[in-house]
Each structure stands twice: as structure tokens, then as C-alpha cells.
Amino acid sequence: MINITFPDGHAREYEAGVTGFDIAQSISPRLAKEVLSVTVNGNLWDIARPITEDASIMLHKWETEEGKHAFWHSSAHLLAEALQELYPGVKFGIGPAIENGFYYDVDLGEGRQITDADFETIEQKMLELASQKNEYKRSEVSKKQAIDYFGGINEEYKVELINELEDGTISFYKQGSFTDLCRGPHLPNTEFIKAAKVLSVAGAYWRGDEKRKQLTRVYGITFPKQTLLDEYLVLLEEAKKRDHRKIGKELELFTFSQNVGSGLPLWLPKGAMLREKLENFLKKVQKKYGYEQVITPHIGSKSLYVTSGHYEKYGKDSFQPILTPQKGEEFLLKPMNCPHHCEIYKSKPHSYKDLPVRYAEFGTVYRYEQSGELHGLTRVRGFTQDDAHLFCRPDQLKEEFKKVIDIVLYIFKTLKFEDFTAQISLRDPNNHEKYIGSDENWEKAEQAIIEATQEKGMNCVVETGEAAFYGPKLDFMVKDAIGRKWQLGTIQVDYNLPERFDLEYMGSDNQKHRPVMIHRAPFGSMERFVAVLIEHTAGKFPLWLSPDHAVILPISDKFNEYAKTVCSFLNNSDIRTFVDDRNEKIGKKIRDNELKRIPYLLIVGEKEAESGTVSVRKQGEGDRGAMTQDDFARFIESEIEEELKEN
RNA sequence: GCCGAUGUAGCUCAGUGGUAGAGCACUUCCUUGGUAAGGAAGGGGUCAUGGGUUCAACUCCCAUCAUUGGCUCCA
């Protein structure tokens, strides 16, 4: 007999060789039907794998990440089996589960490809194979056996993978006619998979290396129930509807022109209004925290970036230097604001008493992003950072860092990004040549970030190897209204630029000292942030950000005059309003303006004109009854005040 | 940058080897209508660009550009 300990701490005896499935069965038959994988002493196992010694276990159903992982990983094998049948001779790379589904990288061989039209056939084949209820059979093999097997069937990618594995840790999984190198865990059999969808195909370099062969990556998703697939497809539709590129066009927020250039957004009046409101909002917060606005030019001498190290690192992949009529003068479109801000810091001597100094700028920068990377407003070649550089004494670093965290959290709260995560990015300890600066400074900087986040009580994910080349950072990822993750704000510690720019301050000891720099951008960039905000709100912005607060809809053109007097009254009260005086029926005007996501529709007809009122209709909610013009103005003002109130 | 897809009116999209169509939007007229689409008429397109094949190309082929799904990258 062996002892099995459950997550809640209680233990029970089972016969040695009991499986996760058996244990689930002993708890309830229903659980046994739903359990997909099991953690045994910290390792993820198949529920069909015998447990031979004392263990603590945790059972995973579909609802858990581990459960989905096993499900989708098994589905990847099923996809592979389907592809093997449909495309004989196909060679397999890797096929992992991912956040939403799974993929398999395959080499179809010369001249063959998979297109959208083939998706349905593949789905059908997967479901056909799934219904055969084939077991996922695990076997442990020696390295030699593994290489012999895959070598024998010309699976060179698998052989390459096996060569890097240690003998004694290699396992195969076989279902139906398909055998794969795999650690597992997997479902007991294929019948769990009831619904399958091939989502897309894309090229992907073997092992992520652009010098190696490009394989075909087939993305798919599967579910234990058809209804779950249906729901997922609805979610995808919803995401499409929220796409900031689509909404940006519909609401006339921004556009692109081939004549201007790829990745260079043009902000239309309504988009510019929204952006300006965001900028003013942040300026106000920053002022409170002691920031000073500065303004710097869009170009800078190349030597500035040689000094900063950016030229060496990114120069050749960037917009190339602008040449002046005089020979030998080269200027770069600025890819970063920090060198300019360093020069501002250097423009006068600083005392330890003056620190920290905080220079903020909505600085527009230009980076030559690879053409395949451009995407709407989230990845562009010209964008405006809500940048600031804080110069402080080493002993002030942690406190200063915490204050920046406060700003970021306040912004997220105000804009209702309630679900976010923070990631601390440290350098790769095995790859120091990727970074500049001394080990000592790196350690100090990393320590300051870790302590600041701990003292703020934040839950952070730590990623090694993700730091910027000049310092560690803290990045904020938000989840939008339909659960997608976006990276927004960033706070970075930098000991290197102060060194490179020879920045100093006079200490209390009358000696020169080196300040520490913090780079920070709570929004990240205005472009990206607005894009995320659009997708988060589906274009229904909070009132204070809405390009229009209200539209006045006269019942007929007899009331256009009255509508105009209301409009100018409200405009004078700083309420952004216009009159829809088209010769249309009221129902039509309501529909059109609802679709334009105007927060309030003010209907005016005979009643309203006589009593000096407006009939208020809130977007998405309907009729709110009549109000005097004055009351409406105050109502809007108080709603905005409420949205922006602190704490 | 790499692999795949796409590019037709302001927008969303049909379409064919014989030089183009719908809905919405726009203009004009009729209608003056009370909470999500009133009616009629009209204007609008070098079918992304440049080559090639063909008697004939928006359609087939090639290249370029742009957009797009991924990969790689992201100061």
C-alpha cells in the first residue's frame, strides 16, 4: 500500500500502482470522467500512469491550466496524426500546447502547402481519428532506441531533438498510427476530444532560428464539448469587433496613408482629442509627483547616440542618419528621448539637495520596425512615448521607484484596467556580453526593483534574460475586457547612461557623485495605449475621454434652431456637443449615433423647446427622461469628476 | 527581414478572359416624422502599382508596394 496526499493535506492509502484515474474514481465517478491530468510530486503525469510510491497529488480538470494543457497537447498529437494521414511523408518538428490551443510545426516537403481551404478536411480527419478512441500509450525508451526509431523513418527534426536529451529521460507516446517523442502528460484516449478547429497556418523557423528552415506551423484548438468551441468562436468574433484598427476607422480616430509611409499613423481630430485628454491627465498626475515637462527636438546628432550606446546596438537596423549640406554632419531621427534628457540634466550643476529631478516629455520617437512587425497602432515606426527620466541619488532609488509604481497603478485604476500583472525582467546570468555596465550596478538595480515591488505588495513574475541591454525593468501587462494580455507601462533602472553621459551631482561630502536614472512610461506609447484602450472599451470610452460627450438630435428641422442654442450653451460649459441636423427621422438619428458610441443623445422636439429642456438618452441604456440644459451640463461635469476622482 | 493570404466606390464586400456591381455613406428632391434603419432620383472606381501573355486582362503570369496571420526582432 502507498500513501497518497491530497492538496488539502489529508492522505489516504491506495494499492501501489494505482493511477490518477483510479484515485479520481475513488472520490467520485463524475470526477473520474472529468479529470485530465495529475500532478504527482510536482510532476505532471498522465492519469493512466501507475503511481508506485507515496506521493502528493493534485488532479486537474478542463477548468485548470494543467488540464487544458494535457488536453491541447494531446490534441497536437491528434493533429499530427491527421496530417500524417492527409500528407504522407510529412516530417514533424514540435507540437506544444499554447495559451489558447496548440500548434504543430511540420515540414510538408517541397511544393506542398496547407491553405485555409484545407482546414475543414483536417478538422474532419482529426474528429474521425478522435472517435476511434485510441489510447495515448506511454513508453520509456533509451536514447539509442529513440534515435533508431526516428532515424529509421527519416524524422530528422525529432532526431535532432533527441540528441539533446539525456538518456533515461526519454519517453514516447503513441496513439493510433502516430508515435511522438514527448514528455507528456496526455489524455487517456482520443475520445475526450469532441470539437476541433484549425485556426491558421503560418511559417515558423525551425527552433526559432531565422537561419534555419522555415516549417509550416498549423494552429488549432480543441474542446471536450462542441458548445465550448462555439463559445470560443463567439469570443474570436467579439475580438474582431473590438479590433482597434476597425474601430479606429469607424470612429475616425486615426488612419494611415501610403503616401506618408508605412507604420506612420495620422491622428484624426477625434483621435487627437482623445489622446490630448490622456496626455493632460497624465501631465496633471505627474505635476503632483514633482515632474517637470521638457521639450526636445525630433532629431539629434549621431554622436549623441554613439555616446548612449544605442547607435552601436541598433544603428544599422534603424532609420539611417540624415546628412546636412555640410559634409560629415549626421543626425538621427531620435529613437529614444533619454540622451536628450541627459543633456538637459547636464545643462547645469546639481546638488544632492536638488535630487531627484524628474524630466517628463511626450516625446515622439522613430524606430525602423521590420515590415512584418507593423500592426495597427500597436507596432508603428513613429510613436510618442509618455516618457520621463528621473535622476536620483542611489539611496533614493527604491523610494523613487515605488512612486512610479503608484502612478502606474493609479492610471490603471482610473482607466479600469483592473486585471494586470507585473513582470520583473532581469539579465541572463549566463550571457553577460548581451548587456552593458558593471556587475555591481546590475545587482544593485535588480535588488532595488525586487524590493520596491515587494514593499508595494505586488505579485510579480520574474523573467531572467528579458532585461533591456542597459538595465533591469518592471513591465506591466494588462488584461482587457475579453481577457487578452497587453504589455503597457514600463519602469527601467539604468546605471549606464549616467556613466556614459558623465552625469554627476555634488554630494554633502563636497565630492562629485553619479546619479541613478529611471526611465519610465506608464502608458508605454500613446499609440499602443490608445489601441489597447479601444480594444478594452470596444470604443465606448469613459466620458472624460470621449471625443464627443453628447449629440443633439432635433425631432424635425423645425427644432434645429433650438438644438443650436442648446449646443452653444453646452459648448460654452466645456461639453463637447454637436447637432445632428440631417433630414432624417429620430429613430435613424438615434441608431446612427448609438453606433458612433456617442455617450449621450439629447433629443429635442416641441416639448423640450417649450420647457428649455433636453431628453437624455444614454448610449447603450436608453431613455433617461428630461433635464434642463443647465442640469445636464452639471450632470456631465459631475460624471467626469467621478471618473477622475482619486483614491 | 522570412513564409502564407489579401488588395474592386469613402466604408463593408460580390463579380467575370470581351473595358464593373450591391448595401451603407454622400448630393438633390419628397417627407416634418418622439427613442436603433421613411421614400425616390443622382454623383462617384486607371478594379493597389509596373511589366508580361493574349485579338482582348479587373480576371492569367511575374515584379513592386501596402495590408494581414504567424516567425524572428522590439532601445
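Hydrogens, waters and symmetry mates are skipped; everything else that's a heavy atom, side chains included, is used. Chain identifiers are assigned alphabetically (A, B, ...) following the order of the sequence lines, protein sequences preceding nucleic acid strands; residue numbering begins at 1 within each chain. What you see is a predicted model; the values in this text were computed from it and never measured.
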- Message: Quick test of your reading of the model: are A/D480 and A/K485 salt-bridged, counting only N-O distances below 4.0 Å?
- Response: no

- Task: State plainly whether the residues A/R591 and A/E594 are in salt-bridge range, i.e. N to O under 4.0 Å.
- Result: no

If only atom types and distance count, is the side chain of [X] paired as donor or acceptor with the main-chain N or O of [Y] below 3.5 Å?
{"X": "A/R217", "Y": "A/A202", "result": "no"}
{"X": "A/D107", "Y": "A/V90", "result": "no"}
{"X": "A/T577", "Y": "A/I575", "result": "yes"}

For [N] versus [M], give the span between their [atom1] atoms, rounded off to a whole number of Å.
{"N": "B/G18", "M": "B/C73", "atom1": "C1'", "answer": "49 Å"}
{"N": "B/G33", "M": "B/C47", "atom1": "P", "answer": "47 Å"}
{"N": "B/C74", "M": "B/G17", "atom1": "P", "answer": "48 Å"}
{"N": "B/A22", "M": "B/G44", "atom1": "C1'", "answer": "15 Å"}
{"N": "B/U31", "M": "B/A40", "atom1": "C1'", "answer": "11 Å"}
{"N": "B/U64", "M": "B/C2", "atom1": "P", "answer": "9 Å"}
{"N": "B/A66", "M": "B/A48", "atom1": "C1'", "answer": "7 Å"}
{"N": "B/U67", "M": "B/U8", "atom1": "P", "answer": "14 Å"}

- Mind checking what makes side chain to side chain contact (heavy atoms under 4.5 Å, CB included) contact with A/A360, not counting sequence neighbours? A/Q286, A/Y291, A/Q293, A/A388

Categorize [X] for me: base, sugar-phosphate, or nothing, with a 4.0 angstrom heavy-atom threshold over every strand shown.
{"X": "A/G587", "result": "sugar-phosphate"}
{"X": "A/E250", "result": "nothing"}
{"X": "A/S615", "result": "base"}
{"X": "A/K585", "result": "base"}
{"X": "A/I586", "result": "sugar-phosphate"}
{"X": "A/E252", "result": "nothing"}
{"X": "A/R217", "result": "sugar-phosphate"}

- Nearest-nucleotide wise, let me know which of A/Y366 and A/Y219 is further upstream toward the 5' end of RNA chain B. A/Y219

Provide, to the nearest angstrom, the distance between the [atom1] atom belonging to [X] and the [atom2] atom belonging to [N].
{"X": "A/Y368", "N": "B/C73", "atom1": "OH", "atom2": "C1'", "value": "13 Å"}
{"X": "A/E621", "N": "B/A36", "atom1": "CD", "atom2": "P", "value": "14 Å"}
{"X": "A/L553", "N": "B/U32", "atom1": "CG", "atom2": "P", "value": "20 Å"}
{"X": "A/F119", "N": "B/G70", "atom1": "CZ", "atom2": "C1'", "value": "11 Å"}
{"X": "A/R367", "N": "B/C74", "atom1": "CZ", "atom2": "P", "value": "11 Å"}
{"X": "A/H341", "N": "B/A75", "atom1": "NE2", "atom2": "P", "value": "18 Å"}
{"X": "A/D475", "N": "B/A75", "atom1": "CG", "atom2": "C1'", "value": "12 Å"}
{"X": "A/Y470", "N": "B/C74", "atom1": "OH", "atom2": "P", "value": "12 Å"}

Heavy-atom side-chain contact between [X] and [Y] under 4.5 Å:
{"X": "A/P547", "Y": "A/E252", "value": "no"}
{"X": "A/L268", "Y": "A/L253", "value": "no"}
{"X": "A/I424", "Y": "A/L474", "value": "yes"}

Donor-acceptor pairs under 3.5 angstrom involving side-chain atoms of residues 552-567 of chain A: please list them, not counting sequence neighbours.
{"residue": "A/S556", "atom": "OG", "partner": "A/K558", "partner atom": "N", "Å": "3.3"}
{"residue": "A/Y562", "atom": "OH", "partner": "A/E608", "partner atom": "O", "Å": "3.3"}
{"residue": "A/Y562", "atom": "OH", "partner": "A/T613", "partner atom": "N", "Å": "3.0"}
{"residue": "A/Y562", "atom": "OH", "partner": "A/T613", "partner atom": "O", "Å": "2.8"}
{"residue": "A/Y562", "atom": "OH", "partner": "A/Q629", "partner atom": "NE2", "Å": "3.4"}
{"residue": "A/T565", "atom": "OG1", "partner": "A/Y562", "partner atom": "O", "Å": "2.7"}

Counterpart residues, ring pair (Phe, Tyr, Trp, His ring centres under 6.0 Å), relative to [X] (two or more places apart):
{"X": "A/F578", "answer": "none"}
{"X": "A/Y157", "answer": "A/W206"}
{"X": "A/F420", "answer": "A/F412"}

- Message: Under the criterion of centre distance below 5.5 Å and interplanar angle below 30°, is A/Y314 classified as stacked on the base of B/A75?
- Response: yes

Heavy-atom contacts under 4.0 Å between [range] and RNA chain B, which residues?
{"range": "residues 519-527 of chain A", "value": "none"}
{"range": "residues 588-598 of chain A", "value": "A/K588, A/I590, A/R591, A/E594, A/L595"}
{"range": "residues 298-311 of chain A", "value": "A/H310"}

Every protein N/O lying under 3.5 Å from an N/O of nucleotides 40-44 of chain B:
none

- Task: Verify whether the ring centers belonging to A/H310 and A/F469 lie closer than 6.0 Å.
- Result: yes

- Query: Does the ring center of A/Y359 lie less than 6.0 Å from the ring center of A/Y345?
  - Reply: no

Are any protein N/O atoms closer than 3.5 Å to N/O atoms in nucleotides 62-68 of chain B? If there are, list each pair with its distance.
{"residue": "B/U67", "atom": "OP1", "partner": "A/S262", "partner atom": "OG", "Å": "3.0"}
{"residue": "B/U67", "atom": "OP2", "partner": "A/S262", "partner atom": "OG", "Å": "2.9"}
{"residue": "B/U68", "atom": "OP1", "partner": "A/R245", "partner atom": "NH1", "Å": "3.2"}
{"residue": "B/U68", "atom": "O3'", "partner": "A/R245", "partner atom": "NH1", "Å": "3.4"}

- Out of B/C2, B/G34, B/G33, whichever nucleotide has its closest atom nearest the side chain of A/S556: B/G33

Expected rows: protein N/O vs nucleotides 8-14 of chain B N/O, under 3.5 Å:
{"residue": "B/U12", "atom": "OP1", "partner": "A/K249", "partner atom": "NZ", "Å": "3.4"}

- Task: Return the minimal non-hydrogen interatomic distance between A/P472 and A/L426, and the atom names on each side.
- Result: CB-CD2, 4.4 Å

- Does a donor on one side chain sit under 3.5 Å from an acceptor on the other, for A/K334 and A/T296? yes

- Its dot-bracket string being built from Watson-Crick and G-U pairs below 3.5 Å, with | for another strand and [ ] for crossing, RNA chain B has the pattern (((((((..((((....[..)))).(((((.......))))).....(((((..]....))))))))))))....

- Message: Show, in sequence, the C-alpha distance, side-chain angles and deciding distance for A/D494 and A/H519, and conclude whether the side-chain hydrogen bond (donor to acceptor under 3.5 Å, both in side chains) test is met.
- Response: CA-CA 7 Å; A/D494 186 352; A/H519 309 241; 2.8 Å; yes

- Message: Can you tell me whether the side chain of A/R617 and the base of B/A36 have a donor-acceptor pair closer than 3.5 Å?
- Response: yes

- Matching residue for A/H244 among A/R528, A/E535, A/H375 - test: side chain to side chain donor-acceptor pair (under 3.5 Å): A/E535

